[in-house]
Peer 1: 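Here it is, the structure, as structure tokens.
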Amino acid sequence: MSELYSVRMRAAQGGPHEKGGHHISGAERIVKLEEVGVIAQSLADRALHHSKGTADFINIIVDLIPSNEIIYIDCLEVEEHRAKTIAEAHQLAIEFLQGPEITEVAIQNAITLLKELDSSIRGAMLVDATTGKRIDVGNRGVRVSHMDSFDSEALGDNDHMREALVLASKVQSGKGIVGELCWSDDPDYTVGYVACNGIYHRIPNMKELGSAIGGRVFFVRSDIDRDSIIEYLEKTPVLVQRRHNV
Ligand code: WAQ
Ligand code: MG
């Protein structure tokens with residue numbers, strides 16, 4: 001079998017992120033050697049044609065993944081929901097997340113944390129599922145990386161959803177993670193989701209149309225090993241498999 005490579009892109013406008021440029025787009029794939037060129041090109045095109053603006057800095061990193069390091073996991077089940085207003089959408093999010101593992105206080109806190117961001121952060125906030133306290137260190141959040149799916153067609157033809165489903169499946173497979181809440185930073189994309197108990201609940205109207213602020217919260221048990229879960233989310237290569245068609 002052909003070797004697998006991780007291809008990761010991040011793009012900004014106004015220079016690199018580290019020099020104050022603002023984030024335009026980030027995406028990644030795990031692909032076979034012979035696909036690396038085509039994928040790198042499509043990721044670059046994406047950064048150059050983005051609703052948030054044209055990137056003037058694009059970083060693409062390609063690295064080999066040793067085949068014995070890859071973990072295969074199942075994709076979450078998808079459930080579609082309706083909500084006419086943001087209030088209704090957030091109410092649904094609360095209903096789906098709340099349970100023995102996640103308290104209502106924690107969910108309310110998480111929603112407030114996301115709403116009060118004054119610019120999008122690059123990663124996800126880790127929030128204690130009982131107390132609702134944010135427990136990641138620094139302000140940048142945890143950046144989930146090294147994941148993809150070879151069953152892409154089965155995950156639908158919407159890029160946002162496909163990538164979110166892969167990310168959310170990896171996140172829920174992390175030991176001690178019990179839920180996720182997300183909405184996009186793309187101004188024209190208002191569908192968000194919550195993930196918990198093996199289900200990806202798609203919810204429309206999670207944020208105001210036109211808002212460029214999005215974010216993610218991962219709910220974690222109080223007793224997690226924070227460093228090892230962060231290591232898993234950032235570094236362990238994961239391929240998400242669909243057991244049957246959506
Ligand atoms: N790891 C952790 N957090 C991330 C990552 C990552 N790899 N990528 C993005 N985020 C955080 C970051 O704070 C972004 O501002 C925020 O999430 C939103 O990222 O089924 O497009 O890439 O149709 O804009 C939901 C799809 C789309 C719903 C979510 O997120 C559906 C989306 P975006
Ligand atoms: Mg985005």
Side-chain angles (χ1 to χ4, degrees), residues 4-10 25-32 39 43 61-79 96-97 101-102 110 114 120-127 129 135-136 140-156 158-185 191-202 214-221 224-244 246:
L4 294 177
Y5 285 80
S6 155
V7 184
R8 287 172 288 150
M9 177 278 288
R10 66 188 171 91
S25 175
E28 65 168 83
R29 302 289 308 278
I30 293 174
V31 296
K32 300 194 180 83
I39 293 300
L43 292 177
I61 297 176
V62 179
D63 54 1
L64 176 73
I65 298 177
S67 57
N68 62 342
E69 287 180 11
I70 296 197
I71 293 181
Y72 292 84
I73 62 164
D74 284 334
C75 190
L76 299 173
E77 296 291 328
V78 177
E79 280 187 15
F96 298 140
L97 286 167
E101 304 268 28
I102 311 178
L114 285 180
S120 284
I121 54 172
R122 77 187 248 293
M125 299 183 264
L126 296 183
V127 163
I135 63 150
D136 53 306
R140 289 148 56 91
V142 179
R143 183 90 194 165
V144 188
S145 186
H146 296 96
M147 69 267 173
D148 200 351
S149 173
F150 287 172
D151 302 329
S152 265
E153 297 90 70
L155 305 186
N158 170 331
D159 280 350
H160 278 103
M161 174 174 166
R162 226 175 19 230
E163 285 173 12
L165 197 47
V166 168
L167 184 150
S169 298
K170 178 173 184 185
V171 169
Q172 291 306 300
S173 73
K175 196 165 166 272
I177 299 183
V178 289
E180 178 184 353
L181 168 66
C182 164
W183 59 81
S184 178
D185 56 14
V191 184
Y193 68 87
V194 305
C196 60
N197 302 319
I199 298 175
Y200 177 96
H201 297 273
R202 284 191 90 200
R216 285 183 152 92
V217 168
F218 302 158
F219 296 94
V220 298
R221 287 199 195 109
I224 54 149
D225 177 345
R226 189 181 60 195
D227 293 344
S228 74
I229 194 71
I230 291 176
E231 169 83 15
Y232 174 75
L233 294 173
E234 291 181 343
K235 304 277 171 57
T236 304
V238 165
L239 280 170
V240 175
Q241 295 175 308
R242 189 84 210 173
R243 275 165 298 177
H244 46 78
V246 180

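Atoms considered below: every heavy atom in the structure, side chains included; atoms not considered: hydrogens, waters and symmetry mates.
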Peer 1: Are I65 and I30 close enough, and set up right, to give a side chain to side chain contact (heavy atoms under 4.5 Å, CB included), and what steps lead you there?
Peer 2: CA-CA 9 Å; I65 298 177; I30 293 174; 3.9 Å; yes
Peer 1: Report yes if some heavy atom in the side chain of R216 is under 4.5 Å from a heavy atom in the side chain of L167; otherwise report no.
Peer 2: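 In contact.
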Peer 1: If I compare all heavy atoms of G141 with all of R122, which pair ends up nearest, and what's the gap?
Peer 2: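 The answer is O-NH1, 3.8 Å.
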Peer 1: Looking only at heavy atoms, which two atoms of L181 and A110 are closest? And how far apart?
Peer 2: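 Reported closest heavy-atom pair: CD2-CB, 4.2 Å.
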Peer 1: Heavy-atom distance under 4.5 Å between the side chains of V238 and Y232, does that happen here?
Peer 2: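 Answer yes - side chains close enough.
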Peer 1: Does the side chain of V166 reach to within under 4.5 Å of the side chain of L155, using non-hydrogen atoms?
Peer 2: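 Heavy-atom side-chain distance check passes, below 4.5 Å.
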Peer 1: Shortest non-hydrogen contact from A27 to L43?
Peer 2: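 Looks like CB-CD2, 3.8 Å.
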Peer 1: Between V217 and M125, is any pair of side-chain heavy atoms under 4.5 Å apart?
Peer 2: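 When only atoms from C-beta onward are counted, M125 and V217 do touch, with a gap below 4.5 Å.
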Peer 1: Using the side-chain hydrogen bond (donor to acceptor under 3.5 Å, both in side chains) rule, pick out the option among E234, E28, K170 that qualifies with S145.
Peer 2: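 Going through the options one by one, the only one that passes is E28.
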Peer 1: Any idea which heavy atoms bring V171 and I177 closest together, and the distance?
Peer 2: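 Where V171 meets I177 most closely, the heavy atoms are O-CD1, 3.3 Å.
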Peer 1: Measuring from atom CE of M147 to atom OG of S169, what distance do you get when rounded to the nearest 0.5 angstrom?
Peer 2: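 The distance works out to 10.0 Å.
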Peer 1: Between atom CD of E231 and atom OG1 of T236, what is the distance when rounded to the nearest 0.5 Å?
Peer 2: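 With rounding to 0.5 Å, CD (E231) is 6.0 Å from OG1 (T236).
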Peer 1: Which atom pair, heavy atoms only, marks the closest approach of R140 to I121?
Peer 2: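 In this case the closest contact between R140 and I121 is O-CB, 4.1 Å.
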Peer 1: Answer yes or no: is there a donor N or O on one side and an acceptor on the other, between the side chain of R242 and the main chain of L76, under 3.5 Å?
Peer 2: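 At least one qualifying donor-acceptor pair exists.
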Peer 1: If you measure from CG on L239 to CD1 on I73, what distance do you get to the nearest 0.5 Å?
Peer 2: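 Going from CG on L239 over to CD1 on I73, the span is 9.0 Å.
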Peer 1: State, with a plain yes or no, whether a side-chain heavy atom of D63 is found less than 4.5 Å away from one of R8.
Peer 2: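 Answer yes - side chains close enough.
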Peer 1: If only atom types and distance count, is the side chain of N158 paired as donor or acceptor with the main-chain N or O of M161 below 3.5 Å?
Peer 2: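 Yes, N158 side chain to M161 backbone: donor-acceptor pair under 3.5 Å.
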Peer 1: Does some side-chain heavy atom of I135 sit less than 4.5 Å from a side-chain heavy atom of I224?
Peer 2: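 A side-chain contact exists here, since the closest heavy-atom pair is under 4.5 Å.
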Peer 1: Side chain to side chain donor-acceptor pair (under 3.5 Å) between Y200 and E180: does it pass, once the steps are laid out?
Peer 2: CA-CA 9 Å; Y200 177 96; E180 178 184 353; over 6 Å; no
Peer 1: Side chains of V144 and F218, heavy atoms from C-beta outward: is any pair under 4.5 Å?
Peer 2: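 The answer is yes, as the side chains (C-beta and beyond) meet within the 4.5 Å cut-off.
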Peer 1: First locate atom CZ of F219, then atom CG of L126, and finally report the distance between them rounded to the nearest 0.5 Å.
Peer 2: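 Spacing of CZ (F219) from CG (L126) equals 11.0 Å.
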Peer 1: Between R162 and G156 (side chain of the first, backbone of the second, donor and acceptor by atom type, cut-off under 3.5 Å), is there such a pair?
Peer 2: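 The answer is yes, because a donor-acceptor pair under 3.5 Å joins these two groups.
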Peer 1: Please round to the nearest 0.5 Å and tell me the distance separating atom CG of N197 and atom CG of L97.
Peer 2: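 N197 CG to L97 CG: 9.0 Å, rounded to 0.5 Å.
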Peer 1: For the pair S149 (side chain) and V240 (backbone), establish whether a donor and an acceptor sit closer than 3.5 Å, ignoring hydrogens and angles.
Peer 2: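 Present.
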Peer 1: Please determine whether a side-chain nitrogen of the Lys or Arg among R226 and D136 lies less than 4.0 Å from a carboxylate oxygen of the Asp or Glu.
Peer 2: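 Looking at R226 and D136, the cut-off is not met.
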Peer 1: If you measure from CD1 on I39 to OH on Y5, what distance do you get to the nearest 0.5 Å?
Peer 2: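 Going from the CD1 atom of I39 to the OH atom of Y5 covers 15.0 Å.
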